[in-house]
Amino acid sequence: MRCCLLLLGLYLTVTLVLPLYTLLAKSLQNKDGHFVGFANFARYFADPAMLQSFANTVHVSAIGTIITLLLAFLYAYALTRTCMAGRGFFRAVALIPLLAPSLLPGLALVYLFGNQGIFKSLLFGHEIYGPIGIVMGEVFFAFPHALIILVTALSVADGRLYEAAESLRARPARIFLTVTLPGCRYGLVSASLVIFTLIFTDFGVPKVIGGSYNVLATDVYRQVIGQFNFQMGAVVGLLLLLPAVLSFAADRIMQRKQVALLSARAVPLQPKPRPLTDRVFFCLAAAVAGFLLLVLGMALFGSLVKLWPYNLSLTLKWYDFARAGTDGWGPYFNSLRMAALVAAIGTAIIFGGAYLVEKSRGAGRLRAILHLLAMIPLAVPGIVLGLSYIFFFNAPDNPLNFIYGTMTVLVVNTICHFYTVSHLTAITALKQVDAEFESVAASLKVPLYRTFWRVTVPVCLPAILDISVYLFVNAMTTVSAVVFLYSAETKLMSINAINTDDAGNTAAACAMGMTIVATSAALKGLHSLILRRVERRTQAWRKR
């Protein structure tokens, strides 16, 4: 068992720790590889244009966080604390952006508010290409992530507190300020940190609709791809990493201060019908859902229009990627192949690693270190991880140099990028399996692997399926983590969409984005069907 723990540690070191260390080392070197200390950082902050990019990133991230947090909180409140109609529908609509690459809202906003957009007049003379477009696109992109956290926070409430407040004749506004907000304050903090980090580090939206408004993520791309200035790219990458690490640390500190909101005597809060309030929140939820559907629908419409805005007749020609002047369907099948490999290999590695961390005996310090390493990817932006892979795996003296430019490096990078959430999902599922199973198996001299296959895996099968689908969907939609790592033979659909948009073919780029959405949605539907069957066969004991 200790040998398996050491192998897991070696894997995390090679795929995470060493690449990040190489990124740090590169930022302290000149172009000749000589150590220059913080000279590159001084040069960065002495450049007004680069410093402005940092200010721009903070600006759009702050505004986007405020707007997204407000909308997500009201939407989550409508889902959990009201009796409005259609809550299941609204919940499903709110999760749709998870199936789309981050560049898709940017493409849709071009059709909606661009120079030839149908709603251009609503901007009152302002252009969508810049901070306005970035903020709108990021709200679409970050909204479901915040909603998941806030729905969870608002779902946990002790009804006795509200009954006591009503018996004391407290007004609804006072109950909201003194009971509701304090009860979900940690969820609000976590959601705000997640939103800020997502917007701060996102590459897809500003790349498509940012125009001349530079942000850090596009600066990294320009420094590395445009100017081959790898040292300055490493500096910008570390600047992108810093806010994510600070947000992650702040979130961990807040979680330590959190106390249980439900005791053994708690009474679950059941929302009561309030016709006026229900109608108000229904209208609010309908407006937000309408915005999400409008963005997605506009992307779909843009992919079907023959020639925007002169010929609005519908056609499927943009889905014929070979005739559209792109690389055909090759990138799509590359994406499918990579997503399938990530789902299969990643699920095995992550669940097996979580099992070693959670269920193995002894080596307590080593297990704690491995758990800490598994948490680090959550604080590492995709574009930073991809940049670190360039410096580490492309080094001539690295014995693993042979995987650079292959599908292998894309798979390894994507698994590492989405490791943390999958690891936490596996740990949560494994905590439900009593340690007595392993103890009894050991006393009966049953091999550990047999207990693993016959008990642990069947009990945790729903979580294993969730992990595999999570990895597959994110592998299909990822942009930033792989934008530096693909080759001509391993170009992915999401990357091809960005390149196609750069070439001016927005319709074909929309078609590629919608193809990714359709594939992700089909897999989610298949997952739901399989999960129902699995739960009937392996989870019947939960209902006894």
Side-chain angles (χ1 to χ4, degrees), residues 61-82 87-88 90-100 102 138-158 176 179-202 243-262 268-269 271 281 284-285 288-289 291-292 375 377-382 417-429 463 466-467 469-470 473-474 477:
S61 299
I63 295 176
T65 298
I66 293 172
I67 295 174
T68 307
L69 186 65
L70 177 61
L71 293 178
F73 179 80
L74 294 174
Y75 202 95
Y77 191 92
L79 293 177
T80 59
R81 299 296 179 87
T82 72
R87 283 179 291 176
F90 286 123
R91 188 187 296 267
V93 169
L95 298 180
I96 289 177
L98 294 175
L99 307 178
S102 61
E138 297 294 3
V139 168
F140 178 92
F141 170 63
F143 180 82
H145 300 272
L147 182 69
I148 291 171
I149 297 173
L150 293 174
V151 164
T152 302
L154 287 169
S155 297
V156 180
D158 190 345
F176 178 79
V179 180
T180 303
L181 281 183
C184 65
R185 62 183 180 274
Y186 296 107
L188 286 168
V189 172
S190 295
S192 61
L193 293 174
V194 167
I195 298 167
F196 186 86
T197 302
L198 285 173
I199 298 176
F200 196 94
T201 60
D202 181 51
V245 172
L246 294 177
S247 298
F248 178 75
D251 183 58
R252 301 300 294 178
I253 293 172
M254 292 296 295
Q255 287 184 14
R256 291 177 184 174
K257 296 181 178 181
Q258 187 172 0
V259 295
L261 298 177
L262 290 180
L269 176 64
F281 277 96
L284 174 67
V288 176
F291 168 73
L292 299 178
M375 299 300 293
L378 189 63
V380 181
H417 186 204
F418 300 107
Y419 195 101
T420 302
V421 173
S422 302
H423 174 78
L424 292 175
T425 302
I427 288 289
T428 302
D466 288 341
I467 292 171
V469 171
Y470 171 82
V473 171
N474 280 282
T477 60

To check you understand the geometry: which heavy-atom pair defines the closest contact between [X] and [Y], and what is its length?
{"X": "Pro144", "Y": "Ala94", "answer": "CB-O, 3.2 Å"}
{"X": "Ile195", "Y": "Ala142", "answer": "CG2-CB, 4.1 Å"}
{"X": "Ala289", "Y": "Val93", "answer": "CB-CG1, 3.8 Å"}
{"X": "Ser102", "Y": "Asp202", "answer": "OG-OD1, 3.2 Å"}
{"X": "Thr201", "Y": "Pro381", "answer": "CG2-CG, 3.2 Å"}
{"X": "Thr420", "Y": "Leu378", "answer": "OG1-N, 3.1 Å"}

To the nearest 0.5 Å, how far apart are [atom1] in [X] and [atom2] in [Y]?
{"X": "Leu69", "Y": "Phe196", "atom1": "CG", "atom2": "CZ", "answer": "13.0 Å"}
{"X": "Phe143", "Y": "Leu198", "atom1": "CZ", "atom2": "CG", "answer": "14.0 Å"}
{"X": "Leu147", "Y": "Leu71", "atom1": "CG", "atom2": "CG", "answer": "10.5 Å"}
{"X": "Leu70", "Y": "Ser192", "atom1": "CG", "atom2": "OG", "answer": "13.0 Å"}

Determine whether [X] and [Y] make a side-chain contact, defined as any pair of heavy atoms from C-beta on separated by less than 4.5 Å.
{"X": "Val421", "Y": "Ile467", "answer": "no"}
{"X": "Met375", "Y": "Leu424", "answer": "yes"}
{"X": "Ile96", "Y": "Leu292", "answer": "no"}
{"X": "Leu79", "Y": "Leu154", "answer": "no"}
{"X": "Leu98", "Y": "His145", "answer": "yes"}
{"X": "Val194", "Y": "Ile149", "answer": "yes"}

Between [X] (side chain) and [Y] (backbone), is there a donor-acceptor pair under 3.5 Å?
{"X": "Thr68", "Y": "Thr65", "answer": "no"}
{"X": "Arg91", "Y": "Ala76", "answer": "no"}
{"X": "Arg87", "Y": "Thr80", "answer": "no"}
{"X": "Asn474", "Y": "Tyr470", "answer": "yes"}

Look at the aromatic rings of Tyr77 and Phe73 and report parallel, tilted or perpendicular, splitting at 30° and 60°.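 Geometry flag for Phe73 against Tyr77: tilted rings.
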
Test side-chain contact (heavy atoms from CB on, under 4.5 Å) applied to Val473 and Leu99, step by step: CA-CA 7 Å; Val473 171; Leu99 307 178; 4.1 Å; yes

Check the pair Phe281, Tyr75 against ring-ring contact (aromatic ring centres under 6.0 Å, His included), reporting the backbone distance first and the verdict last. CA-CA 8 Å; Phe281 277 96; Tyr75 202 95; over 10 Å; no

